[in-house]
Number of protein chains: 2
Amino acid sequence: MSKHVNNFSIFSSLPQEYIDKLEGISQSRKYPAGQAIFMENDPGNGFYGIVEGKIKIYKSSPFGKEHILHIFGPGEVFAEVAVFAGINFPANALALEDSTLIFFPRNRFRSLLAENPDLSMNLLSLMSMRLRQMVSKVEELSLKEVPARLAAHLLLLRQNTDKDKFNLDVNKSQLASLLGTIPETLSRVIRKMKDENIIQTNGSEVVIVDMQGLEDLAEGAYRL
Amino acid sequence: MSKHVNNFSIFSSLPQEYIDKLEGISQSRKYPAGQAIFMENDPGNGFYGIVEGKIKIYKSSPFGKEHILHIFGPGEVFAEVAVFAGINFPANALALEDSTLIFFPRNRFRSLLAENPDLSMNLLSLMSMRLRQMVSKVEELSLKEVPARLAAHLLLLRQNTDKDKFNLDVNKSQLASLLGTIPETLSRVIRKMKDENIIQTNGSEVVIVDMQGLEDLAEGAYRL
DNA sequence: GCTTCCTTTTGACTTAGGTCAATGTTTTTT
DNA sequence: AAAAAACATTGACCTAAGTCAAAAGGAAGC
């Protein structure tokens with residue numbers, strides 16, 4: 001319990017016996033906001049679960065420009081892909097807030113896996129899910145325009161909070177990067193959605209005014 | 001041996017014992033060119049391995065327009081993601097050529113998995129690989145322009161054939177979709193690369209003339 | 001409170017790449 | 001071999017979204 005391993009969605013359905021074993025091989029680590037967790041090309045000698053905080057996964061180009069691949073929050077596990085593939089980390093990870101993580105060392109985890117088939121099964125479905133997420137991201141990037149992507153993102157946030165009024169979980173520059181665009185474009189798109197009375201915003205607070213309008217937008221390229 | 005299960009890269013490193021079991025639960029199926037294998041939203045009750053032929057995985061929008069997510073060839077396995085996640089197929093699959101596939105029914109495969117941990121391990125690394133491929137596709141689509149994407153694709157083909165002269169494995173319309181663009185744009189980009197003496201083409205035959213130039217192009221956005 | 005820094009917004013401009021439509025060019029069918 | 005269908009190329013045009021530059025807000029430090 002002290003390490004909250006059972007809070008990670010991939011492990012939550014495991015028998016207590018395995019949870020205990022997982023706690024046995026893991027270690028708790030704290031990172032202040034702004035600190036790097038690993039960098040691109042570091043050896044993937046273990047993966048992480050988030051107890052609290054927010055972690056940004058991103059790639060960056062030689063000068064400046066970065067593209068955010070994902071932002072993870074409490075209960076989520078990240079970097080397990082590189083660990084299974086036995087390769088170096090393909091991207092950077094950085095704590096956006098003061099964060100508490102659980103580290104699972106590669107070798108010890110691997111032994112555990114060999115002994116416990118249920119664990120493998122759980123991981124297989126996690127990976128399937130991840131893969132599906134990426135497939136829809138590819139679709140999104142290749143089929144839809146920025147307004148559609150933003151609309152889809154807002155609808156997702158709405159689903160998670162279950163309210164028509166919620167806060168963006170990252171600042172607007174980061175949101176832009178996450179949507180595969182730049183702050184200027186995002187700003188203009190938000191402005192347009194406000195003018196058309198689809199949403200209202202105030203700082204990082206968003207209120208959905210016209211749900212139907214937002215859903216229509218999210219359909220994007222598929223609209224007739 | 002009759003079913004060629006050991007030719008699938010994910011299974012190739014398995015002990016003969018498991019190969020035999022896999023052959024036991026699988027069935028061979030033939031599809032003529034142009035035939036659908038499954039459609040979006042069909043229940044994912046099994047996955048496929050390709051003995052021979054070529055399979056296109058794609059999404060399509062209400063009118064016309066389709067986006068190719070992947071094209072698989074002999075030795076590759078597809079649709080296992082949906083099967084593990086226990087969901088319906090998220091895309092369509094169609095035989096581009098006369099193809100021979102091996103079908104692995106979901107339930108029987110699952111039981112096998114529960115009994116054989118090594119199999120799980122192998123699958124985990126397959127999934128990791130797939131995931132990594134998708135991550136780089138996202139990068140590609142969001143960071144690079146069409147000429148860079150084409151250059152990267154040609155370099156990949158070169159790597160596979162190990163020759164500076166090779167054939168495109170799909171027609172140009174399909175290649176366009178695979179690269180996230182349209183035939184017109186692809187045609188113009190190829191034309192430009194020919195004018196700049198980077199490649200030569202004749203029908204579906206491509207010759208790389210200026211390797212360095214191609215590599216520079218593939219760097220795309222990262223270029224200084 | 002003022003200054004410095006960072007984020008967001010706005011404007012003017014450019015450009016990659018998409019749409020539509022016409023014309024060649026292969027491939028397939030009869 | 002002729003006709004039809006499918007695929008590929010080209011041209012003219014348009015638009016979404018990126019670049020660059022500047023201004024306006026907010027938050028943080030002195």
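Letters go in sequence order (proteins before strands), and every chain restarts at 1. Please read these numbers as outputs of a predicted model, since none were measured by experiment.
Side chain of B:S177 to main chain of B:I68: a donor-acceptor pair is present (N/O by atom type, distance under 3.5 Å, no hydrogens or angles). Judged purely by atom type and a 3.5 angstrom limit, A:R106 uses its side chain to pair as donor or acceptor with the backbone of A:V83.
The side chain of B:R149 approaches C:dG17 more closely than any other nucleotide in the set D:dT19, C:dG17, C:dT8. The nucleotide whose nearest atom lies closest to any side-chain atom of B:T185 is, among D:dT10, C:dG17, D:dA17, C:dG17. Comparing atom distances between the B:N171 side chain and each of D:dA16, D:dA8, C:dG18 picks out D:dA8 as nearest. The side chain of B:K172 approaches D:dT9 more closely than any other nucleotide in the set D:dT9, D:dA16, D:dC20. The side chain of B:I182 lies closest to C:dT19, out of C:dT9, C:dT19, D:dG18. Checking C:dT8, C:dG18, C:dT10 against the side-chain heavy atoms of A:S173 singles out C:dT8 as nearest.
Between the side chain of A:R188 and the base of D:dG18, no donor-acceptor pair under 3.5 Å is found.
Contact record, B:T100 with B:K30: OG1-NZ, 3.2 Å, taken as the closest heavy-atom pair.
Remark: P of C:dC6 and CD of A:Q174 are 14 Å apart, rounded to the nearest angstrom.
With sequence neighbours left out, B:F104 forms a ring pair (Phe, Tyr, Trp, His ring centres under 6.0 Å) with B:F11, B:F47.
Between the two ends of the helix from C:dG1-D:dC30 to C:dT30-D:dA1, each summarised by a five-pair axis, the helix axis turns through 40° (rounded to 10 degrees).
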